[in-house]
Amino acid sequence: MMSDLQELYQEVILDHNRRPRNFRALDDARKAEGYNPLCGDRLTVYLRVDDGVIKEATFQGSGCAISKASASLMTESVKGKTVAEAEALFERFHRTVTASPDAPVEDLGKLSVLAGVRQFPVRVKCATLAWYALRAAAEARGDVVSTE
Amino acid sequence: MTSGTAISAQRTTPLDVAAVRQDFPILRQRVHGKPLVYLDNAATTQKPQAVIDRLVRYYTEDNGNVHRGVHWLSERATDAYEAARDIVRRFLNAAESREIVFVRGTTEAINLVAQTYGRTHVGAGDEIVISTLEHHSNIVPWQLLCEEKGARLRVIPISDSGELDLDAYQKLLGDRTRLVSVVHVSNALGTINPVDEIIRLAHRRGIPVLVDGAQAVAHMKVDVQALGCDFYALSGHKMLGPTGIGVLYATSSLLEAMPPYQSGGDMIRSVTFEQTLFNTLPYKFEAGTPDISGAIVLGTAIGYLTQVGLDRIAAHEHELLEYGTDALSRIPGVRLMGTAKQKAGILSFVVDGVHPHDIGTILDREGVAIRTGHHCCQPLMHRLAVPATARASLALYNTRDEIDALAAALGNVREVFA
């Protein structure tokens, strides 16, 4: 099998696909749906934010291994971060998965396992779907909060 | 035609797939270091050299606008454009060339009917009948029309194997049914619908029928007069021709009575600021400069299909379908979707525990091109209770070796996701 496939489907990713972490709905939380009309992947991201800090992040939905593993890893990595920090992490993550194949991989902790996506440009949408939903979830309530 | 002699033998002899493959230059490519195995023909087919050459020749020798100039090139382009219309007429066995309207593709053909025939004949409380197997292009135009008119969309259910429930269909036909619009061959499952029976039942009540033939015309003989359909829609690029050209067939009596679709040049007889007289058929429905080269090259594609022989193509693809059905059925964890008795060359499947997109990526690395997703049939996916499927779709140039490559690549999928 070719090495770029092995790099894409690393054991960590397959594990998060098989046993997604934080795979549940949160009552009374900020939420937003990420939908990729091209492939039908659909994820809902739930956020419990307290004083600008993400206390809890969960998700539900269906999608390919990449989108599910990415969502699972994301919920782990944003917990305890401020919304602004999570947004900054998304930007770094997005840079990583869209970088040219020979660029060095930034250290993003566990999220770095998704760097293999850069070899597969059509799969970038899968890897970033949950992050867009996270951003939307964070912003949606943010608007409400700002008017109160 | 480049290798015409190799394939123009008796119709009774089987298709010489090696000779056919020689005609398709794109198939000689390697993908990720592996021979290209192109199994996404329901999305679009590859083009034979004759088609590619004709396109180049048109712009090298024939380019001029049609129905306008008195100069030599305009006449040349017009002659070729109208000759292509007659090639389509013969191909579909339509009664008259003026029943062949060039459009951009099946989607535009259906929209044309919805916006002209539909808007004149469908009113509040009326009904349009489609089926669960429809592509979004044969759902959404009717939905929009129903919304505008206060009409209702009725849907023929299917069995688990992907066959239309004809009893339910009969019950759906009523006094308020204004049109039936069904797919000839399902792009997602390969089901060949009994359109002759569907038309017969509708006509008994005087209801016209549109048949979406996008997935049929490159794979089986279609005779619109034998079928008795009122409208037949097709896309050039799914039948070895270029993108951007398609055909709406409609009986001349219907076309005569229909209002124009788009308006502008070429579709008019005379224009004053007070009044416009519309052109005769089919020009009434071809506003603006048409896709002249597309139509002409579509004619070349039809010539190629006819020369190879649609009966022979159908037999070849059917044999491959059986071989592929058998091969995929043997792979543990693979489940075929769509097992209708009458099926065209489409193998839609899911693999336990693996999303179709991951299948698609892994197969691509083996040079195997398939489609993964909902195939623009979200209501059908909902009915089948899957978010998506992987789909291998066959054409005349596919081989048993390619089915073997597909099966072997599916072995890799199981390896990665073990």
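We name chains A, B, ... by the order of the sequence lines, and we start the count at 1 in each one.
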In short, A:Y35 meets B:Q378 closest at the heavy-atom pair OH-NE2, 2.9 Å
Please check if atom CZ in B:R330 has more than 12 non-hydrogen atoms from other residues, nucleotides or ligands closer than 6.0 Å. no
Mark yes when over 12 heavy atoms from residues, nucleotides or ligands other than A:E11 sit less than 6.0 Å from its CD; otherwise mark no. yes
Measuring heavy-atom distances to chain B, does A:Q10 have an atom under 4.5 Å in its side chain, in its backbone, in both, or in neither? neither
Is it the side chain or the backbone of B:A409 that comes within 4.5 Å of chain A heavy atoms, both, or neither? neither
Could you check if a side-chain atom of B:H355 sits within less than 4.5 angstrom of a side-chain atom of A:D41, using non-hydrogen atoms only? yes
Find out whether B:T361 and A:I66 are in side-chain contact, i.e. whether some heavy atom of one side chain is under 4.5 Å from a heavy atom of the other. no
Mark yes when over 12 heavy atoms from residues, nucleotides or ligands other than A:R24 sit less than 6.0 Å from its CZ; otherwise mark no. yes
Between A:F120 and B:R365, is a side-chain contact (heavy atoms from CB on, under 4.5 Å) present by the stated rule, with each step listed? CA-CA 10 Å; A:F120 299 83; B:R365 275 335 200 226; 3.3 Å; yes
d(B:H357 NE2, A:N36 CG) to nearest 0.5 Å is 7.0 Å
Decide if atom CZ of B:R21 counts as having more than 12 heavy atoms of other residues, nucleotides or ligands within a radius under 6.0 Å. yes
Sub-4.5 Å side-chain heavy-atom contact between B:D358 and A:R123: yes
